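A short write-up of the structure that comes next.
Remember, it's a predicted structure, so these values are computed and weren't measured experimentally. In what follows, chains are A, B, ... by sequence order, proteins preceding strands, each numbered from 1.
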Number of protein chains: 2
Amino acid sequence: MTTIKDIARVAGVSVTTVSRALNGYHDVNEQTRQKIVRVAKDLNYSPNTLARGLVLNKSKTIGLLVSGLNRQSAKDHFTFEVLSGINECVSEQDYDLVLFNTNTSKQREKTYSQLCRERRVDGVILSGIKTDDPYLHEVVASSIPCILIDIPIQSDSVGYVTTDNVLGAKQAVEHLMQLGHRNIAMVNGHGQAFVSQHRLDGFKQGLAAGGRPYNPDWVVNGFFDEDIARVEAERLLTRYPEITAVFCASDLMALGVLKAANNLGIVVPKRLSVVGYDDILLASYASPPLTTIAQDKFQLGYEAAKLLIRMLEGQDNSRAVLLETELITRQSTTGNHV
Amino acid sequence: MTTIKDIARVAGVSVTTVSRALNGYHDVNEQTRQKIVRVAKDLNYSPNTLARGLVLNKSKTIGLLVSGLNRQSAKDHFTFEVLSGINECVSEQDYDLVLFNTNTSKQREKTYSQLCRERRVDGVILSGIKTDDPYLHEVVASSIPCILIDIPIQSDSVGYVTTDNVLGAKQAVEHLMQLGHRNIAMVNGHGQAFVSQHRLDGFKQGLAAGGRPYNPDWVVNGFFDEDIARVEAERLLTRYPEITAVFCASDLMALGVLKAANNLGIVVPKRLSVVGYDDILLASYASPPLTTIAQDKFQLGYEAAKLLIRMLEGQDNSRAVLLETELITRQSTTGNHV
DNA sequence: CTGAAAGCGCTAACAC
DNA sequence: GTGTTAGCGCTTTCAG
């Protein structure tokens, strides 16, 4: 493994000069610079980022702390697409990504900042953590630059990127109302997700805008799980047959609702309209294909990385990005002809 | 940022002792050990892996070189599930993963070994690269421990994990033959993928076992792309109406064939049986749901990481793992009643 | 324009 | 058991 020392020896200069030449400083004689570059190539040199990181105290590395990188959540494409977006941006900017090992099963209960300090990452992106996750407090307390996905917290070192969940949910309700639906239920995620809180807000706003009262009995939590959503929906639809439309805080849960309806012999969309959220791949393949509020998951990741790198490089702009949502109308919603 | 030096000062010992105590050596007085541990905790110490890596010349980090982490391949869950599997195993073993930035668009045309040496990864996992990828030669030439996914190359420092693609393809053909199909076509990937070569072999073997001749005209390449597969299948089915069944080297391409059939007014499975490969999520949601050869993508990743770590830790066992496939019968295949 | 020397945080001989 | 010392590969003052 060749080092700058080797290069220095062969080129007949000092390591200092080698370092400067290779790092593109301009106070090096063009002759010597070229010679050094050539020798470096001849010797098949590649810099040791560990050594460099040690002295510079930064690593050109971004840490990634995500839930949803496991067998269970394979169905939910969300994390993957976010990751792709992050990867894309990070690649362009010549950083590398390290996926933190946040295995909780073992005894190694490392704190957030321990994790970051150990690996000397320059910054972190967090996705899929709950609002009551202990990491979250640490993030805010710590001074490590960090971008949260879908958690609207902001500070000197913390920014976030999310979609306009309030507006998205509102769009969904408005769509249903325009179709003539008056009795609209909601299958939400859970209280420990900001997106759920926001989507519920949007749901309420939508109802209010249409002059309909908000009925808490018609809102259940599906915990972003297809099967829980199915069970909850079965109960809901059985108990309140007057419901003609359901807005779900995720497509996966909407799939569960579709199943519930099917089990109960309720035809979608004829007797029940269903709107999802996310526009996951499955949405368009469901039967019937799902009307949904699309969010650009790839972009979510891309913007997160972009924002973080901006912070790291000191281009101090905003600390928050809000992406738009889009209503995708498919066949799971139709006019209500009661 | 506290260092062992700080701890040494506060605890009134030397850095050596601190280092030894913290690394669990047994030649440290229990009294001092406890004191050091306490001080370390008080000072909120976390080790600098960069410094440690520099001197130990290893990083407890595994590099990941994958294609398929981008917007385009989102539909193909493959990479994601493999990644999840890798992540799972790596977490258990207390390694971290770094996703290499292999952006080709920029001028930074780094070689494989440069990439690895720079980041000082202990080993690498490669997935989704073609047989003619220049990286591949380098991998074999280099001495960096490496596991290839779906590329059966083996050497002192190189191992691989793959599924039994020959057998898998054979299973598919046998299934179709048992249903009475005699005129079976194949939509393969492309020649630069080992899996394609193997699946073609299995296809031929299956035909031979059933006493059917192999007709090269009935094999086309869909390049693992839904749309290319659709176009190719349309041409194939139009030209050779005697074909009653198609075996596809990926589910995505099978989806394309389903579309082709639909466009041509050929009813699946009544007039045409279709078998896919992979068992991606979409397979069960397609209409009709796709009969396919399932491979455990998560396990593929998991085993790759396991094998690599075994190599790294010098537990020298085999260098190759072969996973089994399983025929999943759904509604895209049925008996042939010509 | 170039070099000598110090030091980033850590580990590992090698004394004592 | 514990401390001294050297050094991993690199960057960066500070002199010349």
Side-chain angles (χ1 to χ4, degrees), chain A residues 1-40 43-61 96 113-122, chain B residues 1-40 43-61 96 113-122:
Chain A
M1 195 95 16
T2 77
T3 71
I4 52 168
K5 222 165 165 177
D6 301 323
I7 299 176
R9 189 164 19 76
V10 174
V13 294
S14 75
V15 291
T16 318
T17 309
V18 175
S19 175
R20 277 193 294 234
L22 259 27
N23 286 310
Y25 283 52
H26 286 295
D27 59 349
V28 174
N29 184 308
E30 186 55 22
Q31 301 282 315
T32 38
R33 205 192 61 78
Q34 285 186 4
K35 180 167 192 184
I36 289 169
V37 168
R38 197 165 42 68
V39 172
L43 263 44
N44 198 16
Y45 168 76
S46 36
N48 184 332
T49 52
L50 262 46
R52 177 182 283 159
L54 183 58
V55 40
L56 291 184
N57 208 29
K58 50 169 158 156
S59 58
K60 272 274 189 175
T61 303
D96 277 329
S113 58
Q114 266 177 322
L115 229 39
C116 299
R117 281 187 325 224
E118 276 189 22
R119 282 299 179 181
R120 287 300 189 276
V121 292
D122 296 339
Chain B
M1 196 92 17
T2 77
T3 71
I4 53 169
K5 221 165 167 177
D6 301 322
I7 299 177
R9 191 166 14 79
V10 175
V13 294
S14 77
V15 290
T16 317
T17 310
V18 176
S19 174
R20 277 192 293 234
L22 260 27
N23 286 310
Y25 282 53
H26 286 295
D27 59 349
V28 175
N29 184 306
E30 185 56 21
Q31 300 282 315
T32 37
R33 205 191 60 81
Q34 286 186 5
K35 182 166 188 184
I36 288 170
V37 169
R38 197 166 40 68
V39 172
L43 263 43
N44 197 17
Y45 169 75
S46 35
N48 184 332
T49 52
L50 261 47
R52 178 181 281 158
L54 183 57
V55 42
L56 292 183
N57 208 28
K58 50 167 154 160
S59 58
K60 272 269 187 180
T61 305
D96 278 329
S113 58
Q114 265 177 325
L115 229 40
C116 299
R117 282 186 324 224
E118 277 188 22
R119 283 297 180 184
R120 286 305 190 271
V121 293
D122 296 339

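Put simply, the side chain of A:Arg20 and the base of C:dG3 share a donor and an acceptor less than 3.5 Å apart.
Rounded to a whole Å, the NZ atom of A:Lys35 is 16 Å from the C1' atom of C:dC1.
Of the listed nucleotides (C:dG9, D:dT11, D:dG9), C:dG9 has the atom at the smallest distance from the side chain of B:Thr3. Listed nucleotides: D:dT12, C:dT2, C:dA13. Nearest to the side chain of A:Ser19: D:dT12. For B:Ser14, the listed nucleotide lying nearest its side chain is D:dT4; candidates were D:dG1, C:dG3, D:dT4. The side chain of B:Thr17 has D:dT2 as its nearest neighbour among D:dC8, C:dC8, D:dT2. Checking C:dT11, D:dC10, C:dG9 against the side-chain heavy atoms of A:Pro47 singles out D:dC10 as nearest. With C:dT11, C:dA4, D:dT4 as the choices, the nucleotide that has an atom nearest any side-chain atom of B:Thr16 turns out to be D:dT4. Looking at the side chain of B:Val55, the nearest of the listed nucleotides C:dA5, C:dG9, C:dC1 is C:dG9.
Two residues are said to be in side-chain contact when any heavy atoms from C-beta on lie closer than 4.5 Å; A:Thr61 and A:Asp122 fail this criterion.
Salt-bridge formation is not detected for the pair A:Asp96/A:Lys60: no Lys NZ or Arg NE/NH1/NH2 atom is positioned less than 4.0 Å from an Asp or Glu carboxylate oxygen.
For the pair B:Tyr25 and C:dA12, the criterion of a side-chain N or O lying under 4.0 Å from OP1 or OP2 is met.
Residue A:Val10 is tested with A:Thr2, A:Val18, A:Ile36, A:Leu43 for a side-chain contact (heavy atoms from CB on, under 4.5 Å); the sole match is A:Leu43.
Two residues, A:Asn29 and A:Ala51, neighbour DNA chain C, and the one matched to the more 5' nucleotide by heavy-atom proximity is A:Asn29.
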